[in-house]
Amino acid sequence: MAFESLTNRLQNVFGKLRGKGKLSEDDVNEAMREVRLALLEADVNFKVVKDFVAKVKEQAVGVEVQKSFTPGMVVVDIVHKELIELMGGSATKIAKASKPPTVILMAGLQGAGKTTTTAKLAMMLMKGNHKPLLIAGDIYRPAAIKQLQVLGEQIKAPVFTLGNDVSPVEIARQGLQYAKANSHDYVIVDTAGRLQIDEALMEELKQIHAEVKPDEVLLVVDAMTGQEAVNVAKSFHDQLELTGVVLTKMDGDTRGGAALSVKAVTGCPIKFVSMGEKIEPLEPFHPERMASRILG
Ligand code: GDP
C-alpha cells in the first residue's frame, strides 16, 4: 500500500504526542526529529524535508505554552495543514480554452503510464460530457499507435493517426484541424515516450507545443520511481513549462517521495493520480485527502 511505512512511522510519533497533557520543548524537538527521519525514509527531497520541519516546528513551539488540553493533537493538526500546503493546497481543475478545442499535450518517459493515462483522461472528459479526440503522436515506439487505437476503441473515443511516416508536428497540426472540423471540444496529443530525457525529444516537444499551443501540458511520471520522478519533472518543467503532473501507479507501494516533493521542487502542481492498470476515469489529485491518507 502507498505510504504504508510513512503512515506507520508518523502514527507512532503522534501516538506518543497525543498522550501528553503538556508538551515540553524537548517533546516537540524529539517529535520533529522523528518526522524528519520518517520523511527522509519515504524518499522525500531533502531540502523539502528541511523546510517542512522548520515550518512545523515554528508553529509547534507555541503550542507548549498554549492552554490547550490536547497539545499533541494541535501539533498533528499543524503537520496535517502543512502536508496539504506541501502538495499544492487545493485540487486544481483541468484547463478549458475560451474557444474550443482545449488542447492537452501529454509528455513522459517510456513506461511511466502515458498511454494508459491518456485514455483515462479521455474517459474522465467523456464522463463530463466532453468529446475528446486523441492524437497519436508517438511514431517511434512500434506498437504505440496501435495501443492508443485499442484503448480508443475500448472507451469509444476516436483516435487521429497518420501512421509512422509523418512527423509528429504535422500529425498534431492536422489532428487539431480535424478536431475543429468535427466539433471536438478537447484534444489530447500523445507524444513520444523515450527511455530517458534527450535533446531530440525535448526539441520535438517544443515544436509540437509551438504548433498546437496547448492549454494544458501534463507530464506523466511513475510515483514508484520516487526522486527520479521529481528530477524528470524538474527537467521537463525547466524546458517546457508544464501546467501539471500526473502521478501514476499510486495503487502500488510507493513510499511517497514523489507525491510530497513534486510541487515544492518544481513549482508545478500534481493535477491527477492514476491508481491502476484498468482503464477508468482519471482521478483529480486532492492534497487534503492525500494528507489525511498519509496521516492514517
Ligand atoms: P507509456 O510507455 O508511458 O505509454 O506507458 P503505458 O501506458 O504503456 O504503461 C506502462 C505499464 O504501466 C503498463 O503495463 C500499464 O498497464 C501500467 N500502468 C499504467 N498506469 C498504471 C497505474 O496507475 N497503476 C499500475 N499499477 N500500472 C499502471
Apply the test salt bridge (charged side-chain N to carboxylate O under 4.0 Å, His left out) to residues Asp185 and Lys131: give CA-CA distance (whole Å), side-chain angles for both, the deciding distance (0.1 Å), then the verdict. CA-CA 6 Å; Asp185 60 350; Lys131 197 183 154 195; over 6 Å; no
Please give me the minimum heavy-atom distance between Ala144 and Asp138, naming the atom from each residue. CB-OD2, 3.4 Å
Check: Ala112 main-chain N/O paired with Thr248 side-chain donor or acceptor under 3.5 Å: yes
Does the side chain to side chain contact (heavy atoms under 4.5 Å, CB included) test come out yes or no for Val79 and Phe52, once each step is laid out? CA-CA 9 Å; Val79 171; Phe52 180 85; 4.1 Å; yes
Start with the C-alpha distance between His209 and Leu105, add both sets of side-chain angles, then the distance that settles side chain to side chain contact (heavy atoms under 4.5 Å, CB included), and finish with yes or no. CA-CA 8 Å; His209 191 287; Leu105 187 60; 4.1 Å; yes
Close side-chain approach of Thr161 and Gln149, heavy atoms under 4.5 Å: yes
Donor-acceptor pair, Ser235 side chain versus Asn231 backbone, under 3.5 Å? yes
Hydrophobic cluster membership, with links at side-chain heavy-atom distances under 4.5 Å among I/L/V/M/F/W/Y: are Leu134 and Leu282 in one? yes
Tell me yes or no: between the side chains of Gln174 and Glu170, is some donor less than 3.5 Å from an acceptor? yes
Inter-residue atom distance Arg33.CZ - Asp26.CG, 0.5 Å rounding: 11.5 Å
Flag for Ser261-Gln227: side-chain donor and acceptor within less than 3.5 Å: yes
Any ring-ring contact (aromatic ring centres under 6.0 Å, His included) pairs touching residues 271-296, not counting sequence neighbours? none
Would you say Val220 and Met106 make side-chain contact, with heavy atoms under 4.5 Å? yes
State, yes or no, whether a side-chain contact exists between Arg36 and Val56 at a heavy-atom distance under 4.5 Å. no
Compare all side-chain heavy atoms of Leu260 with those of Val48 and state whether any distance is below 4.5 angstrom. no
Determine, for Glu216 against Lys271, whether the closest basic-nitrogen to carboxylate-oxygen distance falls under 4.0 angstrom. yes
Quick one: OG1 on Thr243 to CD1 on Ile94, what's the gap to the nearest 0.5 Å? 7.5 Å
Give me the atom names and distance for the closest heavy-atom approach of Ala179 to Pro101. CB-CG, 4.5 Å
Taking Lys114 first and then Asp190, would you say they form a salt bridge - that is, a charged N and a carboxylate O separated by under 4.0 Å? yes
Kindly give the heavy-atom pair with the smallest separation between Val245 and Cys268, and that separation in Å. CG2-SG, 4.1 Å
Consider only side-chain N and O atoms of Lys120 and Ser274, and report whether a donor and an acceptor are under 3.5 Å apart. yes
Hey, quick one: are Met126 and Val246 part of the same hydrophobic cluster, counting side-chain heavy atoms closer than 4.5 Å, chains of contacts allowed? no
Is any side-chain N of the basic residue among Arg255 and Glu41 closer than 4.0 Å to the acidic one's carboxylate O? no
Are Leu109 and Phe236 packed together at the side-chain level, in the sense that at least one heavy-atom pair is separated by less than 4.5 angstrom? yes
Check: Gly193 main-chain N/O paired with Gln110 side-chain donor or acceptor under 3.5 Å: yes
To the nearest 0.5 Å, how far apart are NE2 in His184 and CG in Leu133? 4.5 Å
Answer yes if Leu10 and Val74 sit in the same cluster of Ile, Leu, Val, Met, Phe, Trp and Tyr residues linked by side chain heavy atoms under 4.5 Å apart, and no otherwise. yes
Answer yes or no: is there a side-chain heavy-atom contact under 4.5 Å between Val75 and Met32? yes
What's the separation between atom CG in Leu201 and atom NZ in Lys206, rounded to the nearest 0.5 Å? 10.5 Å
Would Glu85 and Lys55 pass as an ion pair if we require N to O under 4.0 Å? no
Working to the nearest 0.5 Å, report the span between CG of Leu86 and CG of Asp51. 9.5 Å
Side chains of Leu247 and Val221: does their closest heavy-atom pair fall under 4.5 Å? yes
Under 3.5 Å, is there a donor-acceptor pair between the side chain of Thr102 and the main chain of Ala97? yes
Val159 reachable from Leu176 in the ILVMFWY side-chain graph, under 4.5 Å edges: no
Val265, Val262: one ILVMFWY side-chain cluster at the under-4.5 Å cut-off? yes
Minimum-distance pair of heavy atoms, taken over all atoms of Leu23 and Pro71: CG-CB, 3.7 Å
Just do the side chain to side chain contact (heavy atoms under 4.5 Å, CB included) check on Leu151 and Gln154 with the steps written out, would you? CA-CA 5 Å; Leu151 289 173; Gln154 190 184 328; 3.8 Å; yes
From CA spacing to verdict: side chain to side chain contact (heavy atoms under 4.5 Å, CB included), Ile104, Val189: CA-CA 6 Å; Ile104 305 170; Val189 186; over 6 Å; no
If you compare all heavy atoms of Met290 against all heavy atoms of Val273, which two are closest, and at what distance to 0.1 Å? CE-CG1, 4.4 Å
Spatial distance of atom NZ (Lys234) from atom CG (Asn45) [nearest 0.5 Å]: 10.5 Å
Is a donor on one side and an acceptor on the other found under 3.5 Å between the side chain of Ser292 and the backbone of Glu288? yes
Side chains of Asp27 and Ser24: do they bring a donor and an acceptor to under 3.5 Å? yes
Can you find a pair of side-chain heavy atoms, one from Ile208 and one from Thr191, that are under 4.5 Å apart? yes
For the pair Lys213 (side chain) and Ala210 (backbone), establish whether a donor and an acceptor sit closer than 3.5 Å, ignoring hydrogens and angles. yes
Nearest atoms (heavy-atom pairs only) where Ile84 meets Ala291: CG1-CB, 3.6 Å
Does the ring of Tyr140 carry Arg194 above it, NZ/CZ under 6.0 angstrom from centre and within 45° of its axis? yes
